[in-house]
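Note that the structure is a prediction, hence the values are computed from the model and not measured. Both counts, for ligands and for their atoms, begin at 1 and track the order of listing.
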Amino acid sequence: MSGLNGKVALVTGGTGGIGSAICVKLAQAGCKVVSTYLDEAQASEWKKKMADAGFDMAIVKCDVSSFEDCKSMGEKLNAEFGGVDVLVNNAGITKDGTFRKMSEGQWNAVLTVNLDSVFNVTKQFIDGMLNKSWGRVINISSINGQKGQFGQTNYSAAKAGMHGFTMALAQETAKKGVTVNSISPGYIGTEMVMAVAEDVRNQIIAQIPVGRLGKPEEIAALVAFLASEDGAFITGANIAANGGQHMC
Ligand code: NDP
């Protein structure tokens with residue numbers, strides 16, 4: 001991937017299934033990669049696993065749903081690395097339930113972690129990108145933000161909101177060399193999805209025209225392309241990677 005050597009990349013939730021693949025791909029492309037984490041022990045284990053695989057990843061503690069936490073992280077990374085060039089807003093959670101049964105707590109948790117976080121984190125690094133006249137913001141949304149999903153009014157609203165944010169910010173930053181895009185993955189074969197009972201997984205796969213789950217590496221490759229110089233003309237886009245499950 002051209003133009004990524006020496007760039008600083010921050011991946012929120014980089015220790016997760018898709019996040020880990022994104023961290024590896026960006027590191028392979030020459031970025032200095034930083035991942036957020038919540039749980040100290042889990043993050044140290046992840047860092048060691050990455051080191052064993054030959055990757056020197058940096059980690060920073062941050063609850064992306066907290067503006068204060070994100071502000072502290074921003075101050076730390078701006079001082080330590082001179083800013084962030086590639087920001088991947090990837091951290092996310094689900095708390096499913098039909099709307100009639102959904103509590104205010106389930107709604108707020110999903111909206112704050114998936115959507116408020118995009119404001120909280122991007123706010124810390126956008127000035128630096130604009131000042132350097134180069135930057136990439138890549139938001140990991142979801143197929144369910146495009147088509148809706150039974151039992152996920154909270155998640156679908158948050159993920160659709162991410163793309164609204166993407167289009168608006170892209171217009172504000174385009175002239176300054178900063179692109180902003182969303183990726184909307186379909187079902188990806190992360191540990192979580194692979195842990196679902198096989199018959200349920202097969203029902204999911206039956207709805208995917210290519211006949212399989214996506215791979216975290218396929219999302220990571222798209223992230224790296226958007227981050228590279230080759231992706232410089234793409235901004236304000238929402239790129240679907242769902243094996244044909246939803247076409248629009
Ligand atoms: P994982 O659960 O494996 O990873 C999620 C990551 O987000 C974890 O590292 C988790 O940290 C982190 N995280 C959660 N809450 C917070 C928080 N408050 N502050 C900071 N970090 C947090 O999920 P995936 O890798 O599967 O998903 C990654 C992204 O892709 C998500 O946004 C998800 O919605 C999206 N997506 C996933 C699909 C799939 O099929 N897997 C399909 C479509 C979209 P910790 O483990 O420490 O809690």
Side-chain angles (χ1 to χ4, degrees), residues 10-25 33-47 49-50 57 59-74 87-96 108-121 124 138-149 152 154-163 165-166 182-196 200-201 204-205 207-208 212-220 222-223 238-243 245-246:
L10 171 64
V11 182
T12 68
T15 59
I18 294 175
S20 294
I22 295 172
C23 288
V24 165
K25 187 73 185 176
V33 178
V34 187
S35 168
T36 63
Y37 72 90
L38 287 175
D39 180 77
E40 194 90 46
Q42 206 180 315
S44 304
E45 200 182 305
W46 180 84
K47 194 170 154 57
K49 201 171 114 195
M50 286 291 165
M57 305 292 186
I59 51 175
V60 58
K61 187 164 187 162
C62 180
D63 175 353
V64 295
S65 67
S66 154
F67 187 81
E68 281 312 308
D69 252 32
C70 292
K71 192 160 175 266
S72 305
M73 170 176 70
L87 167 60
V88 186
N89 286 309
N90 164 75
I93 58 166
T94 53
K95 288 201 183 291
D96 296 355
N108 286 338
V110 168
L111 267 289
T112 53
V113 174
N114 293 275
L115 184 58
D116 291 356
S117 63
V118 176
F119 171 83
N120 295 343
V121 180
Q124 314 308 327
I138 300 161
N139 299 318
I140 308 300
S141 180
S142 167
I143 183 176
N144 293 345
Q146 297 179 295
K147 69 172 187 60
Q149 177 61 34
Q152 288 195 328
N154 51 2
Y155 185 78
S156 300
K159 292 301 192 181
M162 284 176 99
H163 184 52
F165 173 95
T166 295
S182 315
I183 294 174
S184 289
Y187 283 94
I188 306 301
T190 55
E191 274 176 33
M192 197 176 64
V193 175
M194 295 313 283
V196 169
V200 177
R201 207 164 63 236
I204 294 172
I205 292 171
Q207 296 166 17
I208 305 173
R212 65 169 176 86
L213 299 169
K215 300 176 191 155
E217 292 74 20
E218 290 172 319
I219 304 305
L222 202 45
V223 169
N238 183 15
I239 301 180
N242 62 36
Q245 193 183 351
H246 179 70

Which atoms of ligand 1 are found less than 4.0 Å from any heavy atom of [X]?
X	answer
Asp63	17 (C), 18 (N), 19 (N)
Ser142	43 (C), 44 (C)
Gly13	6 (C), 7 (O), 9 (O), 12 (C)
Ile93	14 (C), 15 (N)
Cys62	19 (N), 20 (C)
Ile188	39 (C), 40 (O)
Gly17	3 (O), 25 (O)
Gly186	40 (O), 42 (C), 43 (C)

Which bit of [X] is near ligand 1, meaning a heavy atom under 4.0 Å away: side chain, backbone, both or neither?
X	value
Val113	side chain
Ser184	neither
Thr190	side chain
Tyr155	side chain
Gln42	side chain

**Asked** With a 4.5 Å limit on heavy-atom distance, are the side chains of Arg212 and Tyr187 in contact?
**Response** no

**Prompt:** Looking at residues at least two apart in the chain, or sitting in another chain, which of them share a side chain to side chain donor-acceptor pair (under 3.5 Å) with Asn90?
**Reply:**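 If we apply the side chain to side chain donor-acceptor pair (under 3.5 Å) test to Asn90, skipping adjacent residues, there are no hits.
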
Provide, to 0.1 Å, the distance between [atom] and the closest protein heavy atom, together with that atom's residue and name.
atom	answer
atom 19 (N) of ligand 1	Val64 N, 3.0 Å
atom 5 (C) of ligand 1	Gly92 O, 3.7 Å
atom 43 (C) of ligand 1	Pro185 O, 3.3 Å
atom 13 (N) of ligand 1	Ala91 CB, 3.9 Å
atom 48 (O) of ligand 1	Leu38 CD1, 3.7 Å
atom 44 (C) of ligand 1	Ser141 O, 3.2 Å

Can a non-hydrogen atom of [X] be found less than 4.0 Å from any atom of ligand 1?
X	result
Pro216	no
Tyr187	yes
Glu191	no
Ser117	no

Do you know the tightest heavy-atom contact between [X] and [Y]?
X	Y	answer
Asn89	Asn139	ND2-OD1, 2.8 Å
Leu87	Val121	CD1-CG1, 3.6 Å
Gly145	Ala160	O-CB, 3.4 Å

**Nearest protein heavy atom under 4.0 Å from atom 10 (C) of ligand 1, yes or no** = no

**Asked** Does the protein put a heavy atom less than 4.0 Å from atom 7 (O) of ligand 1?
**Response**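 Yes, because at least one protein heavy atom sits under 4.0 Å from atom 7 (O) of ligand 1.
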
**Message:** Under a 3.5 Å cutoff, is there a donor and acceptor pairing between the side chains of Ser182 and Ser141?
**Reply:** no

Nearest-option assignment for [atom], heavy atoms, candidates [options]:
atom	options	result
atom 27 (O) of ligand 1	Ile18, Thr15, Ile140	Ile18
atom 31 (C) of ligand 1	Asn90, Ile143, Ile183	Asn90
atom 4 (O) of ligand 1	Gly16, Ser65, Gly19	Gly16

**Request:** Please determine if Asn114 has a nitrogen or oxygen closer than 3.5 Å to a nitrogen or oxygen of ligand 1.
**Result:** no

How long is the straight-line distance from [atom2] of [Y] back to [atom1] of [X], given to the nearest 0.5 Å?
X	Y	atom1	atom2	answer
Ser65	Ile93	OG	CD1	8.0 Å
Gln245	Lys147	CD	NZ	6.0 Å
Asp96	Tyr155	CG	OH	9.0 Å

**Under 3.5 Å donor-acceptor, Ser35 side chain and Gly14 backbone** =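 Yes, the answer is positive, given that a donor and an acceptor are paired below the 3.5 Å cut-off.
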
**Item:** Residue that, paired with Met57, satisfies side chain to side chain contact (heavy atoms under 4.5 Å, CB included) out of Val34, Val33, Thr15
**Value:** Val33

**Message:** Quick check on Lys95: does its NZ atom have over 12 non-hydrogen neighbours (other residues, nucleotides or ligands) under 6.0 Å away?
**Reply:**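 No.
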
